[in-house]
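To start, the structure itself, in structure tokens.
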2 protein chains.
Amino acid sequence: MIHSAVEVLRERGVAGVTIDAVLTRSGAPRGSVYHHFPGGRTQLVAEALNFAGDAIGAIVDRAAADGSTEILQRFVELWQKILRDSDFAAGCPVVAVAVGPTGDEELFGSTAAIFARWSEPLRRAFENEGLHADDAEQLATMSIASVEGAVVLCRSQRSRKPLDDVARQLELLIESQKFLTRGRSARTDK
Amino acid sequence: MIHSAVEVLRERGVAGVTIDAVLTRSGAPRGSVYHHFPGGRTQLVAEALNFAGDAIGAIVDRAAADGSTEILQRFVELWQKILRDSDFAAGCPVVAVAVGPTGDEELFGSTAAIFARWSEPLRRAFENEGLHADDAEQLATMSIASVEGAVVLCRSQRSRKPLDDVARQLELLIESQKFLTRGRSARTDK
DNA sequence: GTCTATACGAAGATAGAC
DNA sequence: GTCTATCTTCGTATAGAC
């Protein structure tokens, strides 16, 4: 059921996650909804969001040991697969919540936590690769923002190109940042 | 009324644009809704989207003659202002539609057209500044994607920092692209 | 645990008076 | 053009049987 809720969330946004839609997709029995989710629809959306955030976070973590390039590659591949498998009908569930109605403070807090969780391994990887703390953090933010933005553009254009373009530009940016840092360090070290 | 619809769209997403909400905010009379918008809610959302897209497109166009740096600066300032004025309650109306329910093919097509309209002056500016066609297009896509993604992050974190960080990294990326192109051209030209 | 039935509210849309 | 009233649909949530 949570799995189905995530799918609907990706495709139709927060408002689209109705109990009916989730029930239809999952084939779960109607009578058991409020047994498993006493909090009703609200709880269902919250659990779907956190489940999706954790799942993607785990994928990022798994690539963390291999360096920033690998993390980003996995992250981009992940979205390309989601876009392709859904024929550009599905986007990022966390973005879906973050652009939804603002009233739900708890949900909103979760999105911030999830984005932070995703960017943390990136930030650390950039630092391990020699970048200064400020640059590493900015680059991590830039990575998440540009990929998430690209996913929106891909859905809008029904094309994988925006995400391909962004991935390429991100690579260039990271390379040039490393190059500049090495240059500065070399001068500083002498 | 359209103006109010844009506001609601930015704050609550597509699903949040109910006739009631727009009426309340605008103070317009209930009886005249279907007089001015025979297409009902659907038409209202469509006109709000296109109005917002044109308004922002016009701002971008106005800065086009001054070069890519100025376009981007205006674009970023625009979002910072929207975020600040709304206390991080408002995001991008076009993104709101693009992550909404997929059924509405016409609305979806409009988002693609609007994103294309916004990136076109950027692409041209990059080309005028010496970048190759491919690079210029990729950079334009990267600019739109990263800024839009940053706006989402800003709302989520209730902070202007993500957008500031992204703006800074974009500058660096563009500078390094220009530098590389000059290097390649110099070698090619000799 | 899961079922059916139903209360309740919100929202879109139409009809007919003014 | 704008008003009020009304119909219909849809979605949440609860009640009570099995």
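So you know, we letter chains A, B, ... as the sequences are listed, proteins then strands, and number each from 1.
- The residue among B:His36 and A:Gly40 whose nearest nucleotide of DNA chain D lies closer to the 5′ end is B:His36.
- The residue among A:Asp20 and B:Pro29 whose nearest nucleotide of DNA chain D lies closer to the 5′ end is B:Pro29.
- Between B:Asp164 and B:Arg168 there is no salt bridge, since none of the side-chain N atoms of the basic residue sits less than 4.0 Å from a carboxylate O of the acidic one.
- Between the P atom of C:dA13 and the NE2 atom of B:His35 lies a distance of 17 Å, rounded to the nearest Å.
- Minimum atom distance to the side chain of A:Tyr34 is reached by D:dT14, of the listed D:dT14, D:dT2, C:dG12.
- For the pair B:Arg124 and B:Glu137, the salt-bridge criterion is not met [side-chain N within less than 4.0 Å of a carboxylate O].
- The side chain of B:Arg41 has C:dG12 as its nearest neighbour among D:dT12, C:dT2, C:dG12.
- The existence of a salt bridge linking B:Arg123 and B:Glu127 is confirmed by a sub-4.0 Å separation between a basic side-chain nitrogen and an acidic carboxylate oxygen.
- Note on B:Arg182 versus B:Glu129: no salt bridge recorded, every NZ/NE/NH1/NH2 to OD/OE distance being 4.0 Å or above.
- Atom CZ in B:Arg30 sits about 15 Å away from atom C1' in C:dA15, given to the nearest Å.
- Atom-to-atom, CD of A:Gln43 to C1' of D:dT12 comes out at 15 Å; the value is rounded to the nearest Å.
- In this structure, B:Arg12 places its CZ atom 15 Å from C1' of C:dA11, rounding to the nearest Å.
- Between A:Phe37 atom CZ and D:dA13 atom C1' there is a gap of 16 Å when expressed in whole angstrom units.
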